[in-house]
Amino acid sequence: SYDYLIIATGSRPFVPPIKGFGQEGTFLFRTIDDCQGIAQYARSCHKAIVIGGGLLGLEAARGLMTHNLDVTVVEAANQLMPAQLDQESAQMLKGVMEAMGIRVLTGKITSEIVYQENKISHVLFQDQTKFETDMVVVSAGIRPITELAVNAGLNVNKGIVCDDQMRTSDHHIFAVGECAEHRGIVYGLVEP
C-alpha cells in the first residue's frame with residue numbers, strides 16, 4: 001500500500017525502421033556502455049554517420065570527431081534540433097556544426113545500412129541516394145516506458161499523462177522524467 005506513488009520508469013531509445021541496424025558497426029547512443037563500444041569501434045574506422053540531429057545526436061557527432069573521423073549527421077526533419085529550435089536558429093547551428101567539420105544532411109530518411117564483406121559499406125536513403133560510411137550511430141529520440149502505467153489503468157498517450165503538478169489520472173500517483181507527458185509534450189530530459 002502507499003499514500004503516494006511516483007513512477008519514474010524512464011525511456012528507451014527509438015530506433016527507426018532501418019534495414020541492417022543491429023549488426024556489427026551499428027550503435028545506439030544512450031548509455032556509457034554505448035559510448036565505450038562506439039569509441040572502441042571508431043578506432044578502425046574513417047567515416048561515421050550519426051542518424052539523428054537532436055541534442056544527443058550532435059553530441060555523438062562531436063565525440064566522434066575526437067577520433068579523427070569524417071562525421072556526417074543525418075536528420076529526417078528539414079532542420080537540426082526541430083523540437084528545440086526555430087528554422088533560423090537551426091540554420092545558424094548547422095553553420096556552426098559545418099565550421100567544426102561535421103557534414104549535415106537534413107530531410108534525409110535512412111532506409112538501409114548496406115554491408116559488403118561483413119562490414120558496413122554505405123547507407124541508403126529513401127530517395128535512393130547513398131552515402132559511404134564505416135559505422136552508424138543512431139540517436140533518434142526516445143520512447144517513454146509506460147507499460148506499468150498502462151497496466152495500472154492510468155491515462156497514457158505518448159507518455160504517462162500528467163497535470164501541472166505531475167499528477168497522473170490517479171491523483172495519488174505522480175510521474176516524472178522521460179516517461180511523463182505534460183501538456184502533450186514528452187521532453188526526453190528530466191529538467192523541463
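Numbering of residues begins at 1 and proceeds along the displayed sequence.
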Which value, rounded to the nearest 0.5 Å, describes the distance between S11 atom OG and R30 atom CZ?
-> 3.5 Å
How far does CD of Q116 sit from NE2 of H122, to the nearest 0.5 angstrom?
-> 6.5 Å
Are [X] and [Y] close enough that some pair of their side-chain heavy atoms sits under 4.5 Å apart?
{"X": "L85", "Y": "M92", "result": "no"}
{"X": "R103", "Y": "D70", "result": "yes"}
{"X": "T133", "Y": "I113", "result": "no"}
{"X": "V74", "Y": "F131", "result": "no"}
{"X": "L58", "Y": "M81", "result": "yes"}
{"X": "M166", "Y": "I6", "result": "no"}
{"X": "E75", "Y": "P82", "result": "yes"}
{"X": "P16", "Y": "V138", "result": "yes"}

Given the rule in the side chain to side chain contact (heavy atoms under 4.5 Å, CB included) test, do F21 and L28 qualify, once you have shown the distances and angles that lead to the verdict?
-> CA-CA 10 Å; F21 182 81; L28 291 172; 3.8 Å; yes
Would you find more than 12 non-hydrogen atoms of other residues, nucleotides or ligands less than 6.0 Å from [X] atom [atom1]?
{"X": "D164", "atom1": "CG", "value": "yes"}
{"X": "Q40", "atom1": "CD", "value": "no"}
{"X": "Q36", "atom1": "CD", "value": "yes"}
{"X": "Q23", "atom1": "CD", "value": "yes"}

Would you call D134-K119 a salt bridge at under 4.0 Å N-O?
->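 Salt bridge: no.
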Are the charged groups of E147 and R12 less than 4.0 angstrom apart, N to O?
->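 So E147 pairs with R12 through a salt bridge.
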Any link between V15 and V123 through a network of hydrophobic side chains (Ile, Leu, Val, Met, Phe, Trp, Tyr) touching at under 4.5 Å?
-> yes
Whether the side chain of [X] engages the backbone of [Y] through a donor-acceptor N/O pair (distance < 3.5 Å, no angle test) should be reported.
{"X": "T9", "Y": "C179", "result": "no"}
{"X": "Y115", "Y": "E24", "result": "yes"}
{"X": "S169", "Y": "L154", "result": "no"}
{"X": "S111", "Y": "L124", "result": "yes"}

Pairs in or reaching into residues 37-63: which pass ring-ring contact (aromatic ring centres under 6.0 Å, His included), with residues at least two apart or in two chains?
-> F27-Y41
Qualifying ring-ring contact (aromatic ring centres under 6.0 Å, His included) pairs, either residue in residues 63-107, two or more places apart =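 Residue pairs with at least one partner in residues 63-107: there are none.
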T106-K94 side chain donor-acceptor pair, cut-off 3.5 Å |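 Side-chain D/A pair, T106 to K94: absent.
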Assess the side chains of T129 and D127: does a donor N or O sit below 3.5 Å from an acceptor N or O?
->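 Looking only at side-chain atoms, D127 and T129 do form a donor-acceptor pair, the distance falling under 3.5 Å.
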Verify the ring-centre separation between H172 and Y4: is it less than 6.0 angstrom?
->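 Between H172 and Y4, which both carry aromatic rings, the centre distance is below 6.0 Å.
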Do you know the tightest heavy-atom contact between K47 and L69?
-> N-CD2, 4.2 Å
Might you point out which heavy atoms bring G53 and V73 nearest each other, and give the distance in Å?
-> CA-CG1, 3.8 Å
Would you sort out whether Q79 and L93 count as a side chain to side chain contact (heavy atoms under 4.5 Å, CB included), showing the intermediate values?
-> CA-CA 9 Å; Q79 68 175 61; L93 176 60; over 6 Å; no
Starting from the C-alpha separation in whole Å, work towards a yes-or-no answer on side chain to side chain contact (heavy atoms under 4.5 Å, CB included) for T146 and K158.
-> CA-CA 9 Å; T146 59; K158 292 177 276 186; over 6 Å; no
Under the side chain to side chain contact (heavy atoms under 4.5 Å, CB included) rule, what do R62 and V71 come out as? Steps first, then yes or no, please.
-> CA-CA 8 Å; R62 179 66 185 104; V71 180; over 6 Å; no
